[in-house]
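Here is the structure we will look at, set down as structure tokens.
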There are 2 protein chains.
Amino acid sequence: MSERPPTIYDVAKAAGVAASTVSRAFARPGRVNFATAERIRRVAAELGYRVSPLARGLSAGRTSMIGLGVADIGNPFYTEIIRGAQDAAAEAGYTLLVTDARESGAREREALERAVTTVDGLVLATSRMSDSAIRAIAKQRPVVVLNRAVTDVPSVLTDTADGMRRVVEHLAGLGHEGFTYVAGPEASWADGMRWRSLRELAPGSRRLGPYAPSVPGGGAAAADFLRAPSSAVVTYNDAMAIGLIRRLTVMGVRVPRDVSVVSFDNVEAAELVTPALTTVATPLRAMGRTAVVNVLAIANGAVPHTTEPMVLPSRLVVRASTARREKGGGRAVWEGPAPHAERRRNRTSPAWGTTNASGSSRRTADGSR
Amino acid sequence: MSERPPTIYDVAKAAGVAASTVSRAFARPGRVNFATAERIRRVAAELGYRVSPLARGLSAGRTSMIGLGVADIGNPFYTEIIRGAQDAAAEAGYTLLVTDARESGAREREALERAVTTVDGLVLATSRMSDSAIRAIAKQRPVVVLNRAVTDVPSVLTDTADGMRRVVEHLAGLGHEGFTYVAGPEASWADGMRWRSLRELAPGSRRLGPYAPSVPGGGAAAADFLRAPSSAVVTYNDAMAIGLIRRLTVMGVRVPRDVSVVSFDNVEAAELVTPALTTVATPLRAMGRTAVVNVLAIANGAVPHTTEPMVLPSRLVVRASTARREKGGGRAVWEGPAPHAERRRNRTSPAWGTTNASGSSRRTADGSR
DNA sequence: CAACATGTGGCAACCGCTTGCCGCTCCGGC
DNA sequence: GCCGGAGCGGCAAGCGGTTGCCACATGTTG
């Protein structure tokens with residue numbers, strides 16, 4: 001629209017200097033005499049000049065953009081990662097280019113291939129690509145993968161074993177013993193880790209699935225679960241826990257009275273649903289940030305000392321979806337009203353602002369029943 | 001990392017043709033003899049050649065990227081918009097560049113200025129910038145604004161008046177009469193529209209706020225609301241409704257038994273919380289899609305016939321946060337001192353029921369998503 | 001058979017900015 | 001007075017494509 005935007009040549013002419021000087025005035029502070037630079041800046045502002053990232057990127061070889069590949073931009077799991085990445089990128093003067101694979105491996109490849117030449121570095125969150133495909137990309141640009149370990153590629157992940165240990169301890173402390181793991185996507189590296197950790201910590205555990213890592217997916221697990229129930233369930237992620245709990249509720253099984261449910265991730269909705277979810281908080285934001293910081297470091301010449309994964313700690317957020325196991329609960333818990341035993345739960349303070357509402361609201365609901 | 005990626009010149013040499021032919025083989029199907037093009041493509045594939053979007057953008061003047069500016073990429077309100085935009089962009093072979101203002105007007109300007117030269121068109125979702133700032137950008141690139149009307153700039157918005165009419169009819173049908181509007185951000189165009197519509201349709205309505213358009217923001221409104229309650233509340237958006245309901249519940253006011261709450265947007269969480277929200281479904285996805293389709297049309301030469309806003313229909317999704325108003329209630333459930341009792345009586349006598357059987361299950365499923 | 005349209009490929013001039021290299025000026029030191 | 005260096009600005013060659021224009025070979029047409 002309107003006339004063509006001004007270039008450094010227009011500015012140069014107006015300021016009576018060479019184009020190279022204008023370029024340097026913007027990109028190389030100190031290289032140009034201060035007064036000159038000042039004048040150039042003034043003239044540029046008057047003309048409404050802005051550098052063209054395209055041209056700059058083409059000639060300089062750096063674009064100040066870093067890419068973040070996610071499977072689904074709308075998935076709440078990623079939103080915190082995106083925020084963390086965004087923060088770190090912005091702080092470093094970089095623009096974050098989020099590419100959405102929309103749950104398709106093919107699309108992921110395509111989008112990434114398009115982006116790879118455009119960005120100075122790439123963060124891959126929960127990629128569906130093969131290790132070798134990732135390594136191929138890592139040959140062209142600095143890459144950091146999230147939530148997954150790929151040999152020879154730097155990665156940041158959370159301490160699954162530790163998180164699961166907390167889960168098991170928490171549940172055991174409430175009197176639960178046999179656990180059911182409701183699995184997410186088979187291709188998921190994290191899913192494998194979680195199940196493996198659980199089985200190691202609680203050898204008697206069983207596994208259901210895989211199911212889609214979504215609310216409906218969790219719902220689908222309900223019927224299977226009831227076929228061979230246990231007093232406590234661990235789900236792959238929060239969405240599945242929500243789906244499972246809803247479905248169970250419809251079927252007359254009360255959570256947490258009859259069944260305790262623990263999930264992973266601690267997405268925002270985990271606190272909003274009823275019952276609020278007891279969940280292992282994956283440090284999503286920190287992961288996004290860490291990944292970007294590192295990819296930037298590598299892009300700017302830092303040789304990664306090691307490709308050992310960076311492991312971030314996780315913590316258990318206890319809310320209302322877990323409770324002490326009812327005595328005499330040896331029988332199928334959903335078959336009738338559970339005994340109204342006194343129960344009490346120690347909860348850690350929720351990580352979110354606004355809260356105590358979840359706690360109180362739950363207590364209210366119970367009391368008025 | 002590794003050696004420099006191949007260019008058209010490398011491909012040209014390997015294929016024994018001129019660089020321009022290579023370029024055309026990729027960008028101008030049909031312009032080159034099929035056999036030649038085929039050979040070039042093969043050689044290119046062997047070499048692992050990919051076009052550089054940067055270089056292409058620089059010389060061709062088009063980048064096949066379109067920008068989408070949002071206030072907060074993690075806000076569920078935007079996720080559906082993003083998805084819709086993403087879909088439309090992908091279908092047209094464009095890449096979507098989402099820029100996140102992170103709730104800051106300054107950042108929005110900065111990010112947009114950086115992006116504007118990079119993209120072929122821009123969609124502004126709920127911008128915080130002034131009309132004139134938007135028009136300035138619209139002079140440089142095709143722009144479509146969402147959820148807001150800016151003279152001389154194409155826009156797509158939802159039929160607020162119609163949506164509000166449904167709300168009022170729904171509530172009236174349940175026996176409610178005096179409404180309270182819990183307002184969102186003052187700068188929000190949509191907020192103004194919603195309040196204005198409500199006041200026109202139900203002149204007796206009152207307005208509370210503004211509050212932050214978030215869960216805590218809605219919670220903050222609870223106390224104010226109880227100071228001069230009504231039997232039905234309309235909130236600016238879903239997040240506020242969730243916050244309000246939670247806070248009210250803590251204070252002993254039951255929703256929907258004591259107070260009915262209707263909100264706007266129908267974000268994903270609206271269905272997951274308890275009680276599930278009765279809400280006006282803003283066609284988020286369709287808006288994103290429509291905006292992109294139109295900005296693309298303009299970018300590709302279509303002269304907008306008119307800058308009349310494109311208005312998308314909205315619909316009311318009835319769930320569990322609204323219920324029939326109880327007759328003969330009348331006693332304030334919250335029992336605390338009600339400072340403005342006098343005024344309250346003059347308005348609408350709040351009738352908190354005591355015998356409502358309306359339960360937690362939602363009455364109407366909103367199957368489609 | 002001449003005149004001309006059509007299909008293909010090459011040449012070279014950009015697109016807007018960066019940067020290595022050069023040259024001029026000015027200064028201080030010997 | 002001469003020399004080396006620092007400071008500062010200009011020149012010009014790219015970066016990797018795109019595209020207007022031209023040239024040549026063939027096919028068509030009258």
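First the proteins, then the strands, lettered A, B, ... as listed; each starts at 1.
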Fill in: Angle between terminal axes - the helix from C:dC1-D:dG30 to C:dC30-D:dG1, 5 pairs each end, rounded to 10°
40°
Item to complete: Taking heavy atoms of chain A and a 4.0 Å limit, find me the 5'-most and 3'-most nucleotide of DNA chain C within that range.
Response: C:dG16 to C:dC21
Worksheet item: Which of the following nucleotides, D:dT19, D:dG14, D:dG17, is nearest to the side chain of B:Arg28?
Response: D:dT19
Worksheet item: Which residue pairs pass the ring-ring contact (aromatic ring centres under 6.0 Å, His included) test with at least one member in residues 40-98 of chain B, sequence neighbours excluded?
Response: B:Phe26-B:Tyr49
Item to complete: To the nearest Å, give me how far apart CG (A:Leu54) and P (D:dG14) are.
Response: 22 Å
Discussion item. Tell me every residue that passes salt bridge (charged side-chain N to carboxylate O under 4.0 Å, His left out) with A:Arg148, counting only those two or more places apart in sequence or in another chain.
Written reply: A:Asp131
Response to the item:
The side chain to side chain donor-acceptor pair (under 3.5 Å) partners of A:Arg50 (sequence neighbours excluded) come to B:Glu113
Worksheet item: Roughly how many Å is it from OH in B:Tyr9 to P in D:dG16, rounded to a whole number?
Response: 9 Å
Practice prompt. Taking side chain to side chain donor-acceptor pair (under 3.5 Å) as the test, write out the residues that go with A:Ser59, two or more places apart.
Written response: none
Worksheet item: Do any pairs count as a ring-ring contact (aromatic ring centres under 6.0 Å, His included) and have a residue in residues 133-158 of chain B, sequence neighbours left out, and if so which ones?
Response: none
Worksheet entry | Residues in side chain to side chain donor-acceptor pair (under 3.5 Å) contact with B:Arg41, at least two apart in sequence or another chain | B:Glu38
Just the atom pairs and distances: protein N or O near nucleotides 4-10 of chain D's N or O, under 3.5 Å.
{"unit_1": "D:dC8", "atom_1": "OP1", "unit_2": "A:Asn33", "atom_2": "ND2", "d": "3.2"}
{"unit_1": "D:dG9", "atom_1": "OP1", "unit_2": "A:Thr36", "atom_2": "OG1", "d": "2.4"}
{"unit_1": "D:dG9", "atom_1": "OP2", "unit_2": "A:Asn33", "atom_2": "N", "d": "2.9"}
{"unit_1": "D:dG9", "atom_1": "N7", "unit_2": "A:Arg31", "atom_2": "NH1", "d": "3.0"}
{"unit_1": "D:dG9", "atom_1": "O6", "unit_2": "A:Arg31", "atom_2": "NH2", "d": "2.7"}
{"unit_1": "D:dG10", "atom_1": "OP1", "unit_2": "A:Ala18", "atom_2": "N", "d": "3.3"}
{"unit_1": "D:dG10", "atom_1": "OP2", "unit_2": "A:Ala18", "atom_2": "N", "d": "2.7"}
{"unit_1": "D:dG10", "atom_1": "OP2", "unit_2": "A:Thr21", "atom_2": "OG1", "d": "2.4"}
{"unit_1": "D:dG10", "atom_1": "N7", "unit_2": "A:Arg24", "atom_2": "NH2", "d": "2.8"}
{"unit_1": "D:dG10", "atom_1": "O6", "unit_2": "A:Arg24", "atom_2": "NH1", "d": "3.3"}
{"unit_1": "D:dG10", "atom_1": "O6", "unit_2": "A:Arg24", "atom_2": "NH2", "d": "2.6"}

Worksheet item: Looking across every strand, which nucleic acid part, if any, lies under 4.0 Å from A:Arg62 by heavy atom: base, sugar-phosphate, or nothing?
Response: nothing
Worksheet item: Would one find more than 12 heavy atoms of other residues, nucleotides or ligands at under 6.0 Å from atom CZ of A:Arg114?
Response: yes
Worksheet entry | B:Ser23 vs D:dT18: side-chain N/O to OP1/OP2 distance below 4.0 Å | yes
Item to complete: Using the test salt bridge (charged side-chain N to carboxylate O under 4.0 Å, His left out), find all partners of B:Arg42 that sit at least two apart in sequence or belong to another chain.
Response: B:Glu46
Item to complete: Please report, rounded to the nearest Å, how far the P atom of D:dG14 is from the CG atom of B:Leu58.
Response: 17 Å
Worksheet item: Quick one: side chain to side chain donor-acceptor pair (under 3.5 Å) partners of A:Thr63, sequence neighbours excluded?
Response: A:Asp120
Worksheet entry | Nearest-0.5 Å distance that lies between atom CG in A:Leu97 and atom OG1 in B:Thr99 | 11.0 Å
Donor-acceptor contacts under 3.5 Å from residues 5-14 of chain B side chains, at least two apart:
{"unit_1": "B:Thr7", "atom_1": "OG1", "unit_2": "B:Tyr9", "atom_2": "N", "d": "3.0"}
{"unit_1": "B:Asp10", "atom_1": "OD2", "unit_2": "B:Thr7", "atom_2": "N", "d": "2.8"}

